[in-house]
A.B. asks: 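Structure provided below as structure tokens; questions to follow.
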Amino acid sequence: MKFKKALCCALAGVVSSCVFAGCDNGGGAVLPPVGPVDDGDLVFDDNNQIVYNNVELNMWSVTTGDDAKAQDAIISEFNELYKGMIKITTTHHSRYDLETLLTTTMQFDKKNAPELFFSHGSRAAEYVAKDWLLSVEPYMEKAGVALDKDDFVESLIGAATVNGHLYGLPQDVHSAMVVYRADILEKNNLDVPTNYQELVEVCESAIDLAKAGNLWIRGENSSGYPATEWRKAPSNGWDNPFPIAYGDMWVHEFLGYTAAAQNGGSFVASDGKPAWNTTEVANGLQVLKDFIMPSETSENKYALSKAYGSDYDVGNAPMRAGNAIFKLLGPWEYPNDLTDYDRMLSGDGGSSNIQTMSLSNLFAKDQSKDCADKIKGEGHAYMLMSTVTSRTKQCAAMVFADWMVNNASVEWAKRGHLPSLKSVENSEEYRSDPAYDAYIKNWGSCDNYIVIPPTPNYSYVDSYFKNCVQRAMAKQYEKTSIKSILKEQYDSCVDYIDLYA
């Protein structure tokens, strides 16, 4: 079953509403009015349907590697379905290269800009302030594509909404997640944690067992033991059950924000400037600092991770060797882990020896608060570039974006990208797939995920906050209070925005 075919959709009422208080353009560029559009170069058939005759669209996508392959496979289905009508050609770039390429192209080489841009929806307000995007709503309406904003996850539709108008059609939400050695926990009679206090207890119990010479581990090693053979962990040195490092994308893109959000923090103020200079955010970053550098007031008495440098990528080796029980990972990489453990432990359960879960509740000091289950994510969205002047191309782009949002479904979720539409998430097709029961459901509901609200100052709000996370986890700032770090970075960020933004 496919959820809907865009050419057959009836037009639904278009509601223009702003989900977040900070959804205006924060004093940036004056935005052009958004409203109904004329027919332009459109051609209609006898049934008053738009004729798409070999319309070719170029899309730049932030996906790479296996994600790019999965996305291309889904797009090929669209191209086959709309053969002779609409064809999408996609070029893929890393998230870091894409921003530079887009900026250079829109400033100096607009004739070579793509028609569609597939990237993170939270950046839409920043692009709108630079006059790089068109609102998608008028062209969805002209194309006869229904838009039900209530069907989208609230934070995702809100992130791409500026001045009450939608500038990107959300596709998904994704974040980091946790992988754990289920076999090591079971062998040592340790429970799978469901919250921060339990996570600390499990990690410290494992350390205590190791110190006493009673912790059973197994995995890849340089001592000649088969990976499947159980052995006792060394009594000295097994003290890193959950290695984290700022150098991991999982930490600086997701975990820092998540710890702050789960402890009541917010990120963007109503004027588009940072809102993270608060006690709540300080409490969240203190959790990460305690994780590495415990104090007299911390939940943990042991350091649960070494203080790795900011450029250090912890990687997968400690957990494969049995020298760690937990690790952070992008869910799009989890299928590769399943393959690795099927190989490494093929003689005893293979990939069933690892399991996955979301970050929900794992870094919240107070589990009773509504924010405790929140996870900072990023949402991909389809954005229509302002350089597109052909009405036919504008409408064709919306037909494609709508089809992808409704039909990528579980195949895209297997790559760690949970659907933006609640109707897709709750559909029988989605939930009956074996991958859903195997691991997708462990990543939680899309409603648990939040993204950075819209601000034209996204890059500044984001980069200065990441400085705070980095310093909170760095040994050289061990004697510096989190609040003073936040205050210094906040002042610098606001000064920079006031001077240059």
A.B. asks: What I want to find out is whether Lys289 reaches Glu478 closely enough, with some N-O distance under 4.0 Å, to be called a salt bridge.
C.D. replies: no

A.B. asks: Would Lys142 and Asp39 pass as an ion pair if we require N to O under 4.0 Å?
C.D. replies: yes

A.B. asks: Between the side chains of Lys273 and Asp498, is the shortest nitrogen-to-carboxylate-oxygen separation below 4.0 Å, so that they form an ion pair?
C.D. replies: yes

A.B. asks: Closer than 4.0 angstrom, basic N to acidic O: yes or no for Lys149 and Asp151?
C.D. replies: no

A.B. asks: Assess whether a salt bridge exists between Glu425 and Lys422, defined as any Lys/Arg side-chain N lying under 4.0 Å from an Asp/Glu carboxylate O.
C.D. replies: no

A.B. asks: One thing to verify: whether Glu280 and Lys365 come together as a salt bridge, which I'm taking to mean a side-chain N less than 4.0 angstrom from a carboxylate O.
C.D. replies: no

A.B. asks: Any salt bridge between Lys393 and Glu115, counting N to O under 4.0 Å?
C.D. replies: yes

A.B. asks: Give the ring-plane orientation class for Trp412 versus His380, where under 30° counts as parallel, over 60° as perpendicular and anything between as tilted.
C.D. replies: tilted

A.B. asks: With the threshold set at 4.0 Å, does a side-chain nitrogen-carboxylate oxygen contact exist between Lys327 and Asp337?
C.D. replies: yes

A.B. asks: Using the ring pair (Phe, Tyr, Trp, His ring centres under 6.0 Å) rule, collect all pairs that involve residues 132-157, keeping only residues at least two apart or in two chains.
C.D. replies: Tyr127-Trp132

A.B. asks: Charged N to carboxylate O below 4.0 Å: is that the case for Glu488 and Lys483?
C.D. replies: no

A.B. asks: Hey, are the side chains of Val399 and Tyr82 touching, using non-hydrogen atoms and a 4.5 Å cut-off?
C.D. replies: yes

A.B. asks: Output yes when a side-chain donor or acceptor of Asp109 lies under 3.5 Å from a complementary backbone atom of Thr104, and no otherwise.
C.D. replies: no

